[in-house]
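The structure appears below as structure tokens.
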Amino acid sequence: MKRQPAKMSMTETQEYEILIGLEIHCQLTSVPTKLFCSCSSDYREKAPNSVICPVCMGLPGTLPVLSRSAIEKGLMLALALECTPVTRLIFYRKNYFYPDLPKNYQITQYDKGGASPLAYNGTIKISDGHSIPITRINLEEDPGRLTYQGSIQTSPYALVDYNRAGVVLAEVVTAPELRTPKEARLALESVQAILEHLGSFESTLDGSIRCDANISLARGNRVEVKNITSFKDVARALTFEITRQRGLLSKGIPIKMETRHWDEKRRITVSLRVKEGEAEYRYFPDPDLLPIEISKTELSELKAAIPELPESRAKRFVLDFGINEETAKTLVRGKGLADLFEESSKEFKNYDKLAHLLSADLLGVLNRSEIDLNDTKITPKHILRILKLEADGVISGPAARDLVTQLVNTGDLPSHIAEEKTKITDKKLLEAEIHKAFMNAPQAVNDAKTNENAINYLLGIVMGLTKGRADPKETLTMIKKMLEKSRQ
Amino acid sequence: MSRQRKSSAFDIASQIRHGEVSCEEHISEILENIQQQEPTFHAYIRIVEDSLDAARKIDQRVKRGEKLGKLCGLGVAIKDNISTKGIQTTCASRMLLDYVPPYDATVVERIRKEDGIILGKTNMDEFGMGSTTEFSFFGPTKNPLDPTLVAGGSSGGSAAAVSLFEADLALGSDTGGSVRCPASFCSIVGLKPTYGRVSRYGLISYASSLEQIGQLGRTAEDCALLLDSIAGYDTMDSTSLRAETKDNLSRPSNDLDGVRIGVIKEFMDGTVEPVSKAINDAIGIMESLGATSQEVSLPSLRFALSSYYIIAMSEASSNLARYDGLRYGHESGFTDDDWQRFFSKNRAYGFGSEVKKRLIIGTFVLIAGYYERFYLKAQQARSQVRNDFIQQFKNFDVLVGPTMPLLPFRLGEKLTDPLALYMCDIDTVPANLAGIPSISVPVSAGTPIGLQILGPILGEEKIISVARIYEEATR
């Protein structure tokens with residue numbers, strides 16, 4: 001059943017139907033070479049124009065030779081997204097002049113006039129429960145990169161780096177059935193999680209997943225926003241664009257069919273070009289590449305090689321760890337978080353507690369700080385330490401959450417609690433430390449007679465004085481004893 | 001007449017291999033011919049400087065008793081659209097005036113491996129677009145038989161060089177007849193192999209789905225020698241065939257006993273009389289050698305020329321898009337704030353008028369809407385042409401006809417009539433559309449009329465052997 005598009009309340013009186021479609025460009029980073037030559041696909045942090053060869057530079061006389069590994073990874077992604085793969089693969093030339101395109105055409109795939117993409121008709125299941133239809137998946141070459149000084153509009157120059165030119169891209173095209181910027185973000189997240197589970201993709205690599213978005217309000221003209229290079233920005237760019245279009249519509253100004261550029265520094269979209277009808281790319285089959293037959297055997301082998309994907313992993317989490325379905329689904333939204341859970345579960349058996357710390361506390365902090373888990377150095381060791389301190393009663397629940405925040409922000413735990421050190425159990429030493437604590441906080445000693453919390457406060461001081469090395473149970477017993485003694 | 005004028009390249013290679021002739025002496029003779037004749041005929045754009053050094057090395061290796069390759073010391077001319085590492089490769093275009101490829105085309109690599117000596121880069125119509133070699137930025141090549149006539153094209157420089165003994169062998173490229181046409185006009189042999197037989201890696205593309213690197217020689221045997229040296233699958237060209245390479249040099253039988261020849265009616269119709277008469281005489285000779293002949297009609301051929309030009313121009317418009325002045329090629333000195341204007345200025349300056357015309361038409365026919373009316377229609381016609389040939393090769397071993405429907409004409413004569421010029425290709429383009437091999441052999445020595453012999457896919461062996469038997473009978 002087709003979903004009803006959302007109507008976002010714009011002003012108190014006006015609502016506009018919003019339709020969003022995405023073209024998600026995923027680099028298949030596990031393919032070792034570029035799509036049509038033997039250059040390394042590992043182009044990041046390299047000197048400009050150093051990871052190039054005559055083929056990816058489009059030098060006169062050179063010819064493309066398709067990477068078999070790219071087809072395999074592309075087909076696996078298609079199968080994972082429940083698409084129908086084609087049996088005959090044909091590449092097309094998309095002709096347009098642009099300085100980042102060495103041949104002034106891009107080798108890609110096409111879906112009209114008898115042509116077919118790599119695969120079509122799939123689904124992106126997003127974590128809010130909706131399913132977004134995929135129209136098609138294309139395999140294509142990434143263009144090079146243009147570097148500007150400051151903004152694209154004011155830069156006095158553009159520098160061209162062809163290191164990226166020819167890197168393998170899978171383009172996932174959705175139907176315009178996303179309803180909110182948040183859904184767009186969730187859709188990207190879902191595709192990324194699948195790519196990560198397939199092992200096709202390293203999300204820590206900058207710009208490895210990007211998208212263009214089509215937005216229309218009230219079934220009016222479609223605006224394409226290009227250059228969205230991160231998850232955070234997809235929601236920002238869409239929100240900006242919706243607000244912009246809403247503003248125009250409310251003043252009765254019609255929306256132009258145009259292509260706009262997301263300026264991530266200024267966080268606005270700027271007009272690149274106004275389209276007069278559909279863009280003219282003069283698609284035709286690339287005569288340098290012969291059609292490639294995909295056999296049923298090959299497809300079933302690839303299908304069999306697909307590892308566990310987020311959806312089934314979540315189901316397994318529910319079965320194996322008894323955590324609730326909602327939490328399990330949250331955990332698998334990124335492979336990093338799911339791995340963190342599964343690794344930590346080997347040593348920490350209170351799975352609900354563990355799952356909650358990760359899916360609620362950790363994810364909450366990450367989202368609020370707009371930090372990607374993959375960009376932090378958080379390991380199961382960190383998580384296990386926090387959980388152990390809490391379980392041992394050394395720290396309280398709120399203190400554990402504070403530690404999670406610190407962990408996200410600093411990438412590590414404070415040094416005095418990071419390591420499990422030899423505990424102080426020697427009663428004389430503890431007695432001396434508790435004395436110091438009593439001297440430092442006479443008010444607490446006084447309050448402790450009537451208030452249980454003050455006892456915990458004193459315990460905290462002792463823990464601080466001993467840099468966490470005091471045995472908490474022993475210390476607590478001794479504090480109580482010493483308080484009683486002082487009362488006598 | 002010098003020694004080489006009596007010998008085929010095949011014989012010269014054998015003499016050098018056995019120490020009967022020094023390679024240095026042989027190459028010196030060629031360089032002398034070049035020096036004397038180039039001012040008149042202009043076959044070359046560039047002569048490489050180290051060919052004598054290379055020749056001396058061959059002689060040393062012969063003396064040491066080393067085993068040398070198939071092309072043992074032969075001087076080979078390379079059309080200027082085939083990439084040569086470190087040697088300017090211009091496509092006879094101002095656009096690539098300063099372009100020095102950083103790599104060798106696969107065919108050039110293989111020639112070097114077989115101990116051929118690269119002599120230089122030959123003149124051509126800009127990017128292969130032409131049938132006379134008049135559309136060269138460097139000026140036309142003249143016909144070796146009569147310098148007031150065109151040499152044919154687009155590989156006119158390669159054909160003239162071989163004809164003038166300025167090279168033993170030459171490589172050309174044949175997109176719609178560009179090897180066979182000048183071979184016919186210059187009275188030598190030109191071979192266009194099956195599509196995919198020879199790697200295109202390094203051949204600067206004009207129309208990718210049509211073109212093949214072709215061989216030019218003074219005999220069919222010489223063309224076979226060059227073909228055998230360079231043919232075969234290449235990992236760098238996805239369209240190259242994994243077919244077994246046959247030895248096209250093995251001696252054919254002495255006659256054409258039992259060979260079934262189909263004479264293509266559409267080729268004979270519309271051919272000027274001296275040419276059609278010469279072809280009919282040639283067919284008579286083949287019959288006297290034991291062949292049987294019969295006229296055949298391939299009805300789809302009436303679509304061949306227009307389909308060919310639509311496909312060639314479409315592919316060209318995309319293949320030549322990369323020449324924008326940004327990465328390589330001629331430094332026009334233009335600057336502009338706007339990259340689109342910068343590209344436009346470079347392209348307007350760098351390309352000649354024939355190239356521009358074809359790019360504009362090619363761009364037009366690919367536009368959505370026209371694509372269906374022109375490009376797709378042309379592809380359908382192409383399938384019909386291919387099928388017609390497949391059908392005919394069930395009944396015939398080879399098909400024959402004239403290579404060119406007319407005799408070489410005066411320089412400049414057809415420049416004002418582009419359609420008449422395009423019409424010259426009417427008998428050569430069908431082989432390119434069908435991807436089949438075709439060879440042009442002079443009907444008799446020194447006559448600028450080529451007998452075209454077409455064979456089925458991978459039928460080089462057949463057409464070469466028919467050509468050799470015919471050649472020997474008419475020598």
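Each chain gets a letter, A, B and so on, in the order its sequence line appears, and its residues count up from 1.
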Please tell me if the side chains of [X] and [Y] come closer than 4.5 Å, counting only heavy atoms from C-beta onward.
X	Y	value
A:F284	B:V365	no
B:Q379	A:P285	no
B:Y323	A:P60	yes
B:F342	A:P99	no
A:V160	B:R327	no

Roughly how far, to the nearest 0.5 Å, is [atom2] of [Y] from [atom1] of [X]?
X	Y	atom1	atom2	value
A:L289	B:S238	CG	OG	5.0 Å
B:L366	A:N95	CG	CG	7.0 Å
A:E280	B:Y370	CD	OH	10.5 Å
B:L326	A:L101	CG	CG	11.0 Å
A:D288	B:S318	CG	OG	9.0 Å

Side chain, backbone, both or neither of [X] within contact of chain B (heavy atoms, under 4.5 Å):
X	result
A:Y162	side chain
A:P156	neither
A:F97	both

[X] portion near chain A, given a 4.5 angstrom heavy-atom threshold:
X	answer
B:Y195	side chain
B:L203	backbone
B:S83	side chain
B:A105	neither
B:T363	both
B:Y375	side chain

Name the option with the most non-hydrogen atom pairs under 4.5 Å to chain B; the candidates are A:R282, A:M57, A:K103. A:R282

Quick check on the interface: out of A:D286, A:L59, A:L66, who has the most heavy-atom pairs with chain B under 4.5 Å? A:L59

Between [X] and [Y], which heavy-atom pair has the shortest distance, and what is it?
X	Y	value
A:V65	B:D237	CG2-N, 4.2 Å
A:P287	B:T239	O-CG2, 3.6 Å
B:Y201	A:V55	OH-CG2, 3.7 Å
A:N104	B:F343	OD1-CE2, 4.0 Å

If you count heavy atoms of other groups shown closer than 6.0 angstrom to [atom1] of [X], is the number above 12?
X	atom1	result
B:K357	NZ	yes
B:K345	NZ	yes
A:E293	CD	yes
B:K377	NZ	no

Let's go through A:R93 and B:N319 carefully: what are the C-alpha distance in whole Å and the side-chain angles of both, what is the deciding distance for side chain to side chain donor-acceptor pair (under 3.5 Å) to 0.1 Å, and is it a yes or a no? CA-CA 10 Å; A:R93 291 187 185 176; B:N319 282 333; 2.8 Å; yes

